Amino acid sequence: MSTNIIIDAVNITKQYGDFKALDGLSLQVERGGVWALLGPNGAGKTTFLKCLLGLKEFSGEIKIDGYDIHKDPKKAKFQIGYVPQHPSLYREMSVQESLRYFGDMRDVKRSRLRELLEFVGLELWARQPVGALSGGMQQRLMLAVALLSDPPVLLLDEPTANLDVNRQVEFRNLISLLVKEGKTVVLTTHLLGDVDHIAEKIMLLNKGKLVVKSSVSDLFKQLDLTSQMFVEISDNANEQDAISALEKAGANDIQVKGNWFEMRIDPSKKISAINNLREKGCTINDFKIEEPNLEDAFKKITSGEEN
């Protein structure tokens with residue numbers, strides 16, 4: 001399929017008794033890039049993933065790369081690779097045997113198995129039992145399994161939740177490589193601070209509905225989230241000149257504490273503030289920046305401060 005929309009969900013409703021896990025949810029995912037599916041517990045993220053995978057009955061329509069999950073479930077499911085939060089593998093099998101087992105189910109050539117082992121960095125562990133692998137290695141093996149049939153869409157459920165910092169970086173690097181190859185990645189995560197490093201776009205669910213669909217940077221602008229910036233200038237700088245230079249760059253709530261100037265500023269205006277200070281003859285001894293994060297945005301939206 002050549003359309004730019006790779007996931008098209010229209011009026012998805014899933015009800016458990018009187019509770020609507022999904023309440024007329026409609027969203028579209030454009031082809032390519034990393035999309036983060038966010039929301040509080042009970043927002044409908046997991047239910048929506050299961051609907052995409054054809055594991056839950058629902059009313060409405062879902063198409064994956066043009067294939068309807070109700071009318072053509074086999075082809076629709078073939079477009080998706082899925083990596084669950086907790087690896088579901090046979091621990092007594094070797095890494096190589098595991099890939100062969102799942103590959104034979106999908107008529108995958110042996111050469112594809114070797115390619116994937118190399119891609120996820122497990123070729124040296126091919127003969128090791130799965131049970132002997134670390135959590136990060138098992139996650140990479142699950143990624144290899146998800147990629148066996150070379151699907152255009154990858155669904156990742158909390159992919160870095162159980163990994164240490166170094167393994168998180170490794171996994172994010174693999175995701176970046178897949179995106180460069182043209183894959184579309186949709187991930188759920190509760191680690192909102194990590195989304196800045198992984199995703200380019202977000203879809204935020206709350207109470208079974210889509211609340212926000214946006215790029216990370218556009219969301220900050222929409223919610224008027226700002227960076228907190230701290231600049232230390234030399235003793236011989238004129239305080240009023242420094243304040244004037246910072247205000248010209250868009251800084252506000254400027255507070256002076258000795259040689260330190262504290263302020264709020266749009267993330268895109270930080271360099272302008274530094275340049276303006278230098279143009280005023282202010283020598284900058286040091287500076288620090290506290291960036292806004294998605295947790296701030298999430299709290300603001302779900303608390304009802306943003307309509």
Side-chain angles (χ1 to χ4, degrees), residues 30 32-40 160 165-166 168-173 175-177 179-180 185 187 189-204 206 211-307:
E30 288 80 23
V34 182
W35 297 75
L37 186 66
L38 305 177
T160 63
V165 174
N166 290 332
Q168 287 179 22
V169 172
E170 289 176 0
F171 203 84
R172 288 200 290 265
N173 290 339
I175 293 172
S176 296
L177 290 173
V179 170
K180 288 178 181 177
V185 178
L187 62 90
T189 181
H190 71 279
L191 301 174
L192 299 182
D194 287 344
V195 174
D196 298 278
H197 304 294
I198 305 174
E200 300 140 29
K201 307 150 200 173
I202 69 163
M203 298 175 291
L204 198 150
N206 196 32
V211 181
V212 168
K213 178 185 174 186
S214 172
S215 68
V216 175
S217 59
D218 284 349
L219 183 65
F220 289 157
K221 292 176 183 176
Q222 175 189 340
L223 298 178
D224 193 29
L225 294 176
T226 56
S227 297
Q228 193 74 14
M229 190 170 179
F230 307 82
V231 181
E232 183 187 25
I233 61 176
S234 61
D235 291 331
N236 59 358
N238 182 284
E239 183 178 304
Q240 287 306 312
D241 283 347
I243 291 174
S244 175
L246 293 169
E247 288 178 339
K248 185 180 178 182
N252 52 60
D253 294 343
I254 300 171
Q255 299 181 44
V256 182
K257 299 180 179 179
N259 288 353
W260 282 94
F261 289 70
E262 300 179 11
M263 70 212 76
R264 292 172 60 242
I265 192 167
D266 185 295
S268 65
K269 302 292 180 61
K270 298 173 297 190
I271 301 301
S272 294
I274 296 297
N275 289 338
N276 287 357
L277 285 170
R278 286 172 175 159
E279 287 174 6
K280 285 285 188 180
C282 300
T283 301
I284 299 169
N285 294 333
D286 195 7
F287 70 93
K288 300 182 293 184
I289 298 167
E290 293 179 3
E291 300 285 7
N293 58 58
L294 287 175
E295 189 166 1
D296 297 331
F298 181 75
K299 288 177 181 177
K300 193 167 185 179
I301 292 170
T302 57
S303 67
E305 294 178 32
E306 180 72 14
N307 297 314

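Just so it is clear, the values below take in all heavy atoms, side chains as well, and ignore hydrogens, waters and symmetry mates. Since this is a predicted model, take the numbers as computed values, not measurements.
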Rounded to the nearest 0.5 Å, what's the gap from CD1 on I198 to OG1 on T189? Could you check?
6.0 Å

Out of curiosity, I284 CD1 to E232 CD, how far, rounded to the nearest 0.5 Å?
10.5 Å

Can you establish whether the number of heavy atoms outside F230 located under 6.0 Å from its atom CZ is more than 12?
yes

Looking at CG of L38 and CG of L204, how far apart are the two atoms once the value is rounded to the nearest 0.5 Å?
5.5 Å

Taking side-chain contact (heavy atoms from CB on, under 4.5 Å) as the test, write out the residues that go with K201, two or more places apart.
W35

Before giving the answer on side chain to side chain contact (heavy atoms under 4.5 Å, CB included), spell out for L277 and K280 the whole-Å C-alpha distance, their side-chain angles and the decisive distance to 0.1 Å.
CA-CA 5 Å; L277 285 170; K280 285 285 188 180; 5.8 Å; no

What I'd like to find out is whether the side chain of K269 reaches to under 4.5 Å of the side chain of N276, using heavy atoms alone.
no

Looking at A273 and I265, what are the two nearest heavy atoms and their distance?
CB-CD1, 3.8 Å

Sequence neighbours excluded and cut-off under 3.5 Å, please list the side-chain donor-acceptor pairs for residues 237-261, or say none.
from : atom 1 : to   : atom 2 : distance (Å)
N238 : OD1    : Q240 : N      : 3.0
N238 : OD1    : D241 : N      : 2.9
N252 : OD1    : R264 : NH1    : 3.0
D253 : OD2    : R264 : NH1    : 3.2
N259 : ND2    : D235 : OD1    : 2.5

What distance do T226 atom OG1 and E290 atom CD have between them, rounded to the nearest 0.5 Å?
11.0 Å

In chain order, what residues pass the side-chain hydrogen bond (donor to acceptor under 3.5 Å, both in side chains) check against K213, with sequence neighbours excluded?
E30

To the closest 0.5 Å, what do you measure between CG (D286) and CD1 (I233)?
12.5 Å

Drop me the distance from M263's CE to S227's OG, to the nearest 0.5 angstrom.
11.0 Å

